[in-house]
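Structure first, commentary second.
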Number of protein chains: 2
Amino acid sequence: MEELLMTTIKDIAKASGVSVTTVSRALNGYSDVNEKTRRKIIEVAEVLNYSPNSLARGLVMKKSKTIGLLVSGFNKESIKDNFTFEVLTGINQFAAETDYDLVLFNTNSSKQREKTYAQLCKERRVDGAIIQGIKTDDPYLKEVVDSDIPCVLVDIPIKTENVGYVTTDNVLGAEKAVSYLLELGHRHVAMINGHEFAFVSEERLQGYKNVLKSATIKFRKEWVVNGLFQESAAEEQARILLESFPEITAIFCASDLMALGCIKAAQKLGRTVPEQLSVIGYDDILLASYVTPSLSTIAQNKALLGYSAAKLLIQMLEGEAKPQSIIIETELIERESAIRLSN
Amino acid sequence: MEELLMTTIKDIAKASGVSVTTVSRALNGYSDVNEKTRRKIIEVAEVLNYSPNSLARGLVMKKSKTIGLLVSGFNKESIKDNFTFEVLTGINQFAAETDYDLVLFNTNSSKQREKTYAQLCKERRVDGAIIQGIKTDDPYLKEVVDSDIPCVLVDIPIKTENVGYVTTDNVLGAEKAVSYLLELGHRHVAMINGHEFAFVSEERLQGYKNVLKSATIKFRKEWVVNGLFQESAAEEQARILLESFPEITAIFCASDLMALGCIKAAQKLGRTVPEQLSVIGYDDILLASYVTPSLSTIAQNKALLGYSAAKLLIQMLEGEAKPQSIIIETELIERESAIRLSN
DNA sequence: TTGAAAGCGCTAACAA
DNA sequence: TTGTTAGCGCTTTCAA
């Protein structure tokens with residue numbers, strides 16, 4: 001509206017009888033300015049209700065003090081497992097301790113998202129970016145590696161000159177889950193995985209295989225299906241799995257949402273959970289503790305994931321850290337959906 | 001990093017043998033530039049991998065094409081009712097259809113949040129702001145009304161020269177809920193409200209009163225307690241309420257989260273829901289359909305709330321609309337937590 | 001149809 | 001300790 005009213009350092013300079021340079025220095029806390037002058041300037045600035053123009057500052061300093069957020073998960077589906085939101089919470093929490101603000105980019109492309117990752121970031125002149133929830137075949141991903149924009153990836157293990165990442169140990173997490181099922185006496189353990197374009201899926205599958213191997217249980221690839229991280233797709237896959245191989249007594253799901261779908265499928269087939277089928281999930285989403293039966297699962301600290309990502313990125317930006325990989329611990333949560341195999 | 005590599009219109013001008021003015025006009029689609037020249041310029045721009053500098057543009061144009069988001073709900077508690085997130089989803093959805101980006105401000109003040117609302121916005125030069133989840137006694141709120149920054153409020157009915165709002169009809173929503181309970185035969189209906197610094201609480205209370213009145217049921221103020229929109233506080237309040245007035249057969253809760261707490265309290269007191277106590281919530285959060293018993297509730301279209309807020313704001317910014325109030329419909333969702341009173 | 005010049009608000013040499 | 005000057009990358013009169 002009244003742009004005319006916006007005070008600038010020029011106004012302050014005039015009002016306090018000094019040059020703009022001095023105002024700039026005074027306001028930015030430089031030491032080479034007379035204390036009296038500084039006090040005067042600060043007072044005038046307050047009277048005139050001055051706010052620095054970050055655009056102008058950014059233009060000359062070549063840094064905007066903003067971080068770009070590229071998240072694919074701002075949509076209906078991701079409301080259920082609010083993974084995206086929880087990570088965001090963590091990012092925001094750390095950012096709040098700094099003078100960086102967050103810029104949300106609109107990647108959920110309405111049709112012709114013609115702008116590339118780099119363009120998005122370069123145009124807004126973000127100092128760095130956090131990327132989350134994109135598939136390994138996403139064109140954006142290649143760009144990240146090539147571009148020279150400092151960046152932290154969530155759950156995508158790529159490390160370069162200016163790209164770091166934060167993730168959990170998915171192999172170990174899956175091992176915990178499957179070991180647990182074996183400890184409960186299960187031998188016929190299937191897996192509902194996500195999809196082939198997710199690193200976490202690769203790793204969780206590896207964990208599954210590892211445990212089977214060390215228990216000398218034969219790996220059967222037809223016992224591993226992809227549920228696309230969706231409740232409905234997982235339900236369908238679980239149905240097929242359970243119909244084809246009724247001898248399965250336990251299923252490891254690569255996400256809680258898919259575990260929910262899996263349980264639905266079992267129930268529709270007349271198999272009660274956990275009595276006639278043990279199910280363990282992954283993530284520990286909010287729903288996990290509220291559904292009946294409550295979900296045993298591998299918990300990820302999602303907020304910490306976000307917090308660490310923001311922290312790493314900002315440290316990189318401030319030259320306090322090199323890009324690195326941060327691995328967050330997971331934890332087995334025992335609830336009701338998996339129990340000892342009855343014989 | 002390699003800031004030196006950033007192409008500017010100056011580079012393009014040099015490479016294509018024209019002035020920066022012409023480049024600017026060509027790239028911005030002005031008509032007064034020769035088609036041949038334009039093609040040349042665009043080609044060069046692509047070759048040089050040009051991205052416009054939004055900081056520079058914003059500085060001269062006095063608009064940043066960004067929208068500030070002031071949300072108080074980026075924290076652990078708000079993960080349960082992910083109201084905040086769903087609204088954000090809607091905002092993002094509309095923004096994605098435009099060329100505006102979203103800037104998340106860190107209002108969840110770590111101690112000394114010394115910056116005011118206006119400062120936040122002015123510093124970043126956001127063109128407008130969407131404010132959500134702040135209490136009516138929040139100092140930010142007064143500022144909004146005073147400041148000349150275009151702004152849309154979510155669930156706070158204030159309209160001024162440059163402030164509009166989006167909300168649901170909370171009076172009507174509450175009326176639907178309480179009417180429903182009465183239709184089910186209940187006469188002893190209590191209410192668990194939020195807190196006194198929420199407009200929605202005032203309005204829902206009004207709706208509650210309205211229905212009682214038209215049913216000639218006496219309003220008892222000791223039957224209305226505040227649960228602060230929190231599950232635990234509501235549980236405590238519900239316990240006190242039910243212990244003091246065992247004749248209560250139904251409770252209207254001003255949020256689903258509080259309904260959850262309320263149900264817990266009832267169950268701990270040995271009253272089963274819905275058989276011995278009917279409970280109806282408000283919001284229709286994700287959990288509502290997953291818990292047992294599932295929650296009957298008044299559904300708000302949260303994504304639409306956000307979508308409409310973003311739409312209104314951007315229309316205001318583009319001069320296509322004046323600030324106005326938008327009211328979104330609510331809907332009664334019948335599930336399991338409220339049933340006909342048995343006699 | 002094009003270009004020269006000015007200026008958005010700020011910071012940063014360099015001089016004084 | 002302070003001021004002068006230049007310039008960040010862009011848009012926009014105004015003149016040609």
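Naming convention: chains lettered A, B, ... in sequence-line order (proteins, then strands); numbering from 1 in each chain. Quantities reported herein were computed from a predicted structural model and do not represent experimental measurements.
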Interatomic distance where CG belongs to B:L27 and C1' belongs to D:dT12 [whole Å]: 16 Å
Sugar-phosphate, base or nothing in reach of A:T8, heavy atoms under 4.0 Å: sugar-phosphate
Residue-phosphate contact under 4.0 Å: A:Y30 side-chain N/O, C:dA12 OP1/OP2: yes
Donor-acceptor pair present, B:R125 side chain and C:dG9 base, under 3.5 Å: no
Considering all heavy atoms, the nearest B:D101-A:R124 contact: OD2-NE, 2.8 Å
A:K40 NZ - D:dT1 P separation (whole Å): 18 Å
Phosphate OP1/OP2 of C:dT2 contacted by B:S19 side-chain N/O (<4.0 Å): no
Rounded distance in Å - NZ (A:K65) to C1' (C:dC10): 16 Å
B:N28 side chain near D:dT11 phosphate (N/O to OP1/OP2, under 4.0 Å): yes
For atom CD1 of B:I12 and atom C1' of D:dC10, their distance in whole Å: 12 Å
Closest-nucleotide ordering on DNA chain D, the 5'-leading residue of A:D32 and B:S24: A:D32
Euclidean distance, atom CZ of residue B:R57 to atom P of C:dG9 [Å, nearest integer]: 18 Å
Ion pair check, A:K63 and A:D127, cut-off under 4.0 Å: no
Distance, rounded to the nearest Å, where A:N53 contributes CG and D:dG9 contributes P: 16 Å
Nearest-angstrom distance from the residue atom NZ of B:K122 to P of C:dC8: 18 Å
A:K10 side chain near C:dG7 phosphate (N/O to OP1/OP2, under 4.0 Å): no
NZ/NE/NH1/NH2 to OD/OE distance under 4.0 Å, A:E43 and A:K36: no
Short side-chain N/O contact to D:dT11 OP1/OP2 from B:K62, under 4.0 Å: no
Presence of donor-acceptor pair under 3.5 Å, side chain of B:T21 and base of D:dT12: yes
Between D:dA6 (P) and A:M61 (CE): distance, integer Å: 22 Å
Non-hydrogen atoms of B:D155 and B:T168 that approach each other most closely: OD1-N, 3.9 Å
Exercise: do B:T22 and B:S19 side chains pair donor with acceptor under 3.5 Å: yes
B:N34 vs B:A56, nearer the 5' end of DNA chain C by closest nucleotide: B:N34
Toward the 5' end of DNA chain C, by each residue's nearest nucleotide, B:G17 or B:V60: B:G17
B:T37 vs C:dT2: side-chain N/O to OP1/OP2 distance below 4.0 Å: yes
